[in-house]
Amino acid sequence: ARTVADAAAVLGALTGVDPRDPATAVSQGKFFHDYRQFLDPDGLRGARLGVATDFVGLSAKSDAVFSDNLKALQAAGATLVDVTFPHIAEINSGAAETTVLNFDFKGDLNAYLATRTGVPIKTLADAIAFNLAHAEDELLFFGQETFEAAQALNLSDPATIATYQAALQRDHLIGGTEGIDLLLQQNQLDAIVAPTGNPSWPTDLVNGDSFGFGSSSPAAIAGYPIINVPAGLVFGAPVGISFMGTAFSEPVLIKLASGFEHVTKARRTPQFLPDQQFDTRGVPNPTGSRRRTQPSAETRHFI
């Protein structure tokens, strides 16, 4: 979505109880079909926000933007309180999350593929076999370790099911009950804010991602809402700020995020560039003059 209003419009179309997905039953009576009603340019006034310090100090460039964001939040009328997640090390390890991912991935992908017609791949095992048979194309740059780990699971084995259920409960505990919910309750917060992650990076097919950190895991493993809003630029590459809250707090988050968006107007229209060029001060220079380096065709990227 380009704006919070865009995201609110799409969210309204996505909500509802789906008979094919039992997990959606708990949303009955807690969702809206039009979330645009919660947009508020003055949405930060009087808000009490927790600042997740767990995600500060991991990227100097993201920190600089986030510091400006915090000043903007306060100037718009929000009260800020520093908070830390009690189980952040365990959350970041992804141990329980990976267990849940592999179990759900195999079962759900197999169920989905079984409904497809005119498609030769019917199971995860078929996908793995296809990739191996066409390894020179499909596995040239990336492996299929996640596919293989999921396929190795016996989803009907009682011990495997018990491990999965324990991991699911653990995720909900450390991300939700003793994570986001605990911080909101202890500090009487409307939501928690954090830098979304480190600045975006060029794709490197040889060495892989230059991922530094991301702040979405607590909300993701708890199944709680989170919204990322453009927050600023680092050498022309975007960084964001994330607002996260408890279950079904989308109206609150939309109000807060739209308020931040209104006072900062940080979003810039994305550009497709053959490469990112800098002048002698390290400032992005789309015109190409005074550029310091000219990457080869193989290393050029889009931002």
Could you list the donor-acceptor pairs under 3.5 angstrom formed between side-chain atoms of residues 175-187 and any protein atom two or more places apart in sequence or on another chain?
| unit_1 | atom_1 | unit_2 | atom_2 | d |
| --- | --- | --- | --- | --- |
| E178 | OE1 | H87 | NE2 | 2.7 |
| D181 | OD1 | T246 | OG1 | 2.6 |
| D181 | OD2 | Y224 | OH | 2.6 |
| N187 | ND2 | L183 | O | 3.0 |

**Prompt:** Mind checking whether Q37 and Y35 have side chains closer than 4.5 Å, heavy atoms only?
**Reply:** no

**Request:** Please answer: with hydrophobic residues joined when any side-chain heavy atoms are less than 4.5 Å apart, are I88 and L189 in the same cluster?
**Result:** yes

**Asked** What distance separates Y112 OH from L124 CG, expressed to the nearest 0.5 Å?
**Response** 14.0 Å

**Prompt:** Tell me the salt bridge (Lys or Arg N to Asp or Glu O under 4.0 Å) pairs involving residues 25-34, sequence neighbours left out?
**Reply:** D34-R36

**Donor-acceptor under 3.5 Å (K106 side chain, L155 main chain)** = no

Solution key, residues 205-220 side-chain donor-acceptor pairs under 3.5 Å, sequence neighbours excluded:
| unit_1 | atom_1 | unit_2 | atom_2 | d |
| --- | --- | --- | --- | --- |
| N207 | ND2 | D204 | OD2 | 3.2 |
| S215 | OG | P195 | O | 2.8 |

**Message:** Checking the side chain of T79 only, and the main-chain atoms of R48 only, is there a donor and an acceptor separated by less than 3.5 Å?
**Reply:** no

**Message:** If we count only N and O atoms by modelled type, under 3.5 Å, do the side chains of Y164 and N102 hold a donor and an acceptor together?
**Reply:** no

**Request:** Establish whether V83 and I226 are linked, either directly or via other cluster members, by ILVMFWY side-chain heavy-atom contacts under 4.5 Å.
**Result:** yes

**Fill in**
Scanning both residues in full, the closest heavy-atom pair of Q151 with A125 reads OE1-N, 3.6 Å

Cut-off 3.5 Å, no hydrogens considered: what does the side-chain donor-acceptor table look like for residues 251-264, sequence neighbours left out?
| unit_1 | atom_1 | unit_2 | atom_2 | d |
| --- | --- | --- | --- | --- |
| S258 | OG | D40 | N | 2.9 |
| S258 | OG | D40 | O | 3.2 |
| S258 | OG | I254 | O | 2.8 |
| S258 | OG | K255 | O | 3.0 |
| E261 | OE2 | V4 | N | 3.0 |
| T264 | OG1 | F260 | O | 2.8 |

**Message:** Is there a path of hydrophobic side-chain contacts, each under 4.5 Å between heavy atoms, that joins V51 and L73?
**Reply:** yes

Which side-chain N or O atoms in residues 10-17 pair as donor and acceptor under 3.5 Å with protein atoms at least two apart or in another chain?
| unit_1 | atom_1 | unit_2 | atom_2 | d |
| --- | --- | --- | --- | --- |
| T15 | OG1 | G12 | O | 3.2 |
| T15 | OG1 | F32 | O | 2.9 |

**Asked** Would a 4.5 Å heavy-atom cut-off, applied to side chains only, mark L49 and L44 as touching?
**Response** yes

**Asked** How many angstroms lie between CD in Q74 and CG in N69, if you round to the nearest 0.5 Å?
**Response** 11.5 Å

**Message:** For R45, give me all partners under side chain to side chain donor-acceptor pair (under 3.5 Å), at least two apart in sequence or on another chain.
**Reply:** D42

**Prompt:** Should we say atom CD of E136 is surrounded by more than 12 heavy atoms from elsewhere, each under 6.0 Å from it?
**Reply:** yes

**Message:** Please enumerate all residues that pass side chain to side chain donor-acceptor pair (under 3.5 Å) together with D108, with sequence neighbours excluded.
**Reply:** none

When the side chains of residues 227-243 are checked against the rest of the protein, which donor-acceptor pairs come out under 3.5 Å, sequence neighbours left out?
| unit_1 | atom_1 | unit_2 | atom_2 | d |
| --- | --- | --- | --- | --- |
| N228 | OD1 | T196 | OG1 | 2.8 |
| S242 | OG | T196 | OG1 | 2.7 |

**Fill in**
Note: L70 and L80 closest approach over all heavy atoms is O-CD1, 3.6 Å

**Prompt:** According to the salt bridge (Lys or Arg N to Asp or Glu O under 4.0 Å) rule, which pairs have a member within residues 66-90, sequence neighbours left out?
**Reply:** E90-R170

**Message:** side-chain contact (heavy atoms from CB on, under 4.5 Å), that's the test. Do L101 and E97 meet it? Break it down for me.
**Reply:** CA-CA 6 Å; L101 165 67; E97 183 178 8; 5.5 Å; no

**Prompt:** So if you build clusters from Ile, Leu, Val, Met, Phe, Trp, Tyr with side-chain heavy-atom gaps below 4.5 Å, do V26 and F31 land together?
**Reply:** no

**Asked** Of all residues at least two apart in sequence or in a different chain, which pass the side chain to side chain donor-acceptor pair (under 3.5 Å) check with D157?
**Response** T160

Using atom types as modelled, flag every donor-acceptor pair under 3.5 Å from a side chain in residues 139-148 to any protein atom, sequence neighbours excluded.
| unit_1 | atom_1 | unit_2 | atom_2 | d |
| --- | --- | --- | --- | --- |
| Q144 | OE1 | N131 | ND2 | 3.0 |
| Q144 | NE2 | I128 | O | 3.4 |

**Fill in**
dist F55:CZ -> D63:CG (nearest 0.5 Å) comes out at 12.5 Å

**Item:** Separation between CZ of F85 and CG of N92, rounded to the nearest 0.5 Å
**Value:** 10.0 Å

**Message:** Whether the side chain of T24 engages the backbone of D21 through a donor-acceptor N/O pair (distance < 3.5 Å, no angle test) should be reported.
**Reply:** yes

**Asked** Is a side-chain N or O of T163 found less than 3.5 angstrom from the main chain of A159, in a donor-acceptor match?
**Response** yes

**Request:** Test D6 against R2 for salt bridge (Lys or Arg N to Asp or Glu O under 4.0 Å), laying out the working first.
**Result:** CA-CA 6 Å; D6 285 353; R2 297 165 302 173; 3.0 Å; yes

**Message:** Nearest 0.5 Å, please: how far is CD1 in I121 from CG in L113?
**Reply:** 7.5 Å

**Verdict with reasoning, L168 to F103, per side-chain contact (heavy atoms from CB on, under 4.5 Å)** = CA-CA 10 Å; L168 192 62; F103 189 97; over 6 Å; no

**Fill in**
Taken in chain and number order and not counting sequence neighbours, the residues that satisfy side chain to side chain donor-acceptor pair (under 3.5 Å) with N154 are S156

**Prompt:** D171 and A96: which non-hydrogen atoms are nearest, and at how many Å?
**Reply:** OD1-CB, 3.4 Å

